[in-house]
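Note sheet for the following structure.
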There are 2 protein chains.
Amino acid sequence: MATAAVIAASEVLELTEPLPLDCGQQLEGVRIAYEAYGTLSPARDNVVLIQHATTGDQHVASPHPKTGKPGWWDRMVGPGKPIDTDRFFVLCANVLGSCMGSTGPGSLAPDGKPYAMRFPVITIRDMVRAQVALLDTLGIDKLYCVVGGSMGGMQSLSLAANWPHLPERIMVIAATATMPAQNIAFQEVGRQAITADPNWQQGAYYGTGKAPDAGLAVARMAAHITYLSEASLTEKFGRRLQDRASKTFGFDADFQVESYLRHQGASFTNRFDANSYLYITRAMSYFDLAEEHGGLLADAFRASDARFCVISFDTDWLYPTELSRKLVHALNASGAQVSFVELSAPFGHDSFLLEVPALDRVIAGFLSR
Amino acid sequence: MATAAVIAASEVLELTEPLPLDCGQQLEGVRIAYEAYGTLSPARDNVVLIQHATTGDQHVASPHPKTGKPGWWDRMVGPGKPIDTDRFFVLCANVLGSCMGSTGPGSLAPDGKPYAMRFPVITIRDMVRAQVALLDTLGIDKLYCVVGGSMGGMQSLSLAANWPHLPERIMVIAATATMPAQNIAFQEVGRQAITADPNWQQGAYYGTGKAPDAGLAVARMAAHITYLSEASLTEKFGRRLQDRASKTFGFDADFQVESYLRHQGASFTNRFDANSYLYITRAMSYFDLAEEHGGLLADAFRASDARFCVISFDTDWLYPTELSRKLVHALNASGAQVSFVELSAPFGHDSFLLEVPALDRVIAGFLSR
């Protein structure tokens, strides 16, 4: 399990055709940064496409270039690991709108200046459309499996619904087919925190030497709380004090949980672009697969012959099991093959990223045949 | 039920003695703004002290002077209402540290300038100490009942623990005896949102014509989500659009829930002071009644002969029933008389402020004898 994944490619591909978007516009010269692990089989039938979460990236099992930390799913992807790179050709692309090499608001527009807020508002389906264009370019017309957690799972569902000929298996972890009001609300708070920062400058902060780091940090702190369970926060920090024997009667980070949150906020600004955060959370709030398919979620899946595996976590209050259950009901109503499991894990929404052996077994099992 | 409560007093009282604080400092010339309803009985034995929540105030059953809206517990307090002003003399004081007339960071320090961040960090017990000083001044040495919801309930517990001779009945609604890590985390995000706003100016914004309204609004938005249940957000807003037929593919408030949150944030800044928000949330995060009493919560109540009534709401995820249950266990362990009820109400933490007839019955019943 300690063997590193073999990177087959870490590339930025530029699409030759304009990318049409749900908003009606199209984007020229879209670049897609992706990584690939393992070896593509001669029959090109061993591709596992991984789709990343809101602030994730293509560095699934390779060190993050800015933080130096292991890839975000290093524990899941590699030789002999649940997503076994000895068997599968594993692909992951940075989503459209992000800031890790794929085209986003920080990229240069055709006029040579950063898009900033001129970047079109994109959707989850647009992100997937870009990935499908990547697959086309790579000559891949069949996915052994597509797998995503959180916003990744929404992309997996969008792929299943809109490109039903592509995936043979679809694994959706801690996600939803329709963004509920509470999550829209949290996403809005994050965006308000960013746009309230004067350094945001209506989004035109690139090259000014100032960025809305303070606002972005607040957005990240608020979001981060929602990724964890109350129990895990209590277990990890409780009311323990940070490097002090007693409360200071001040506004320093007296509590470990305060210090931890501040660190999460500050370090996030070193690796993520504030405008990307606006666009990606906007795409999430817009996500409603039922609406895209005439209002009935089951209709989204009628053209799919794929097998679905839906996974939720019992302590995830951001994308609770109830949302997965609704999805599974719709899949069942569509006649799809679907298995569904709620895993018990203490870490809340972030469980899909953390040490949950039962998740490893479900993923390995679903991929085995 | 439509009869208005009779205001007996709406006063600001200045304490003649300095107020000692938990931090070790003392405050001179503390002013306490309070309202009273009903008539004090000759025996002075019909006093109900109401303690307000984080951003509440003394205007329990009178219109808010800034917003013109009815008092925050108008539905509960008045002639013939559950807290019956025909029978009880109802008192509520604006908490120390707040901004509705009681001394807080926006008040003038002895040097004639606003305290701002020179205001000492206060605790829940300090807030209660100020109320006890008010009671002393008014010649009240016995409370028929003390009642509080949310941070008000924490004050009620602090009063019960530290001034056990005062209250005969204690009603604690949607509160906790120890602030848990997740709530500390949310409180920290709110403070970070405020202090990230350049208009905060290290707290010295009074008289500058600029205030950290943007940061305060973000803090309020984040907090407001935690006051509501996911189900109530879905019921009230769902994914409904705000005055438009379709999504705009922009960053306006397309969704009703976004528009609602923005309104909540903006209107809050018209009635609340950002520094008060810092100090009051700090007091909440510091609240740990067990720690104050040697680490064993039961010990906090050993000196009390009062009857306790503890109330939680099944959809309250900010102060969930589990926290009330821990409190009730401690009360039972201390040998106190305690009744406990989890009410079913759809509104989340805010249920204590809203139309929950079962709450009316519990309150009226507990006060009846």
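Numbers restart at 1 for each chain; the letters A, B, ... are given by sequence-line order, proteins then strands.
Salt bridge absent: B/R239 and A/E291 never bring a charged side-chain N and a carboxylate O closer than 4.0 Å. By the 4.0 Å N-to-carboxylate-O rule, B/R262 lies close enough to A/E188 to be salt-bridged with it. Note on B/E258 versus A/R282: salt bridge recorded, some NZ/NE/NH1/NH2 to OD/OE distance being below 4.0 Å. A salt bridge links A/D22 to A/R125: at least one charged side-chain nitrogen sits closer than 4.0 Å to a carboxylate oxygen.
Donor-acceptor pairing under 3.5 Å is recorded for the side chains of A/T123 and A/D126. Residues A/N275 and A/Y206 bring a donor and an acceptor atom of their side chains to less than 3.5 Å of each other. For B/H349 and B/T226, the side-chain atoms include no donor-acceptor pair closer than 3.5 Å. No side-chain donor from either of B/S324 and B/E342 sits under 3.5 Å from a side-chain acceptor of the other. For A/T315 and A/S229, the side-chain atoms include no donor-acceptor pair closer than 3.5 Å. In summary, the side chains of A/Y205 and A/D273 do present a donor paired with an acceptor at a separation below 3.5 Å, with no hydrogens or angles considered. In summary, the side chains of A/D299 and A/H293 do not present any donor paired with an acceptor at a separation below 3.5 Å, with no hydrogens or angles considered.
Neither the backbone nor the side chain of B/D213 comes within less than 4.5 Å of any heavy atom in chain A. Heavy-atom distances place both the backbone and the side chain of B/D254 under 4.5 Å from chain A. In this structure, chain B has heavy atoms under 4.5 Å from both the backbone and the side chain of A/S285. Residue contact with chain A, scored on non-hydrogen atoms closer than 4.5 Å, is absent for B/T195. No part of A/Q256 comes within reach of chain B, as not one of its non-hydrogen atoms sits under 4.5 angstrom from that chain. Heavy atoms closer than 4.5 Å to chain A are found in both the backbone and the side chain of B/F186. Proximity to chain B involves both the backbone and the side chain of A/Q182, based on heavy atoms less than 4.5 angstrom apart. A/N199 does not touch chain B: none of its heavy atoms, backbone or side chain, sits under 4.5 Å away. With a 4.5 Å cut-off on non-hydrogen atoms, A/M179 touches chain B through its backbone and its side chain both. Both the backbone and the side chain of A/L278 come within less than 4.5 Å of a heavy atom in chain B. For a residue to count as touching a neighbouring chain, one of its non-hydrogen atoms must lie under 4.5 Å from one of that chain's; by this rule A/R240 does not touch chain B. With a 4.5 Å cut-off on non-hydrogen atoms, B/T248 touches chain A through its backbone and its side chain both.
Contact tally against chain B (heavy-atom pairs below 4.5 Å) for A/I184, A/L21, A/L261: the top residue is A/I184. Ranked by heavy-atom pairs under 4.5 Å with chain A, the list B/F237, B/Y260, B/W317 is led by B/W317. Looking only at heavy-atom pairs under 4.5 Å with chain B, the residue among A/G215, A/A196, A/C23 that has the most is A/C23. When each of A/P180, A/G190, A/A193 is scored by its heavy-atom pairs under 4.5 Å with chain B, the top score falls to A/A193. The candidate with the highest count of non-hydrogen atom pairs below 4.5 Å against chain B, out of A/D288, A/V257, A/D197, is A/D288. Per-residue counts of heavy-atom pairs under 4.5 Å with chain A were compared for B/A185, B/P120, B/G24, B/A217; the largest is that of B/A185.
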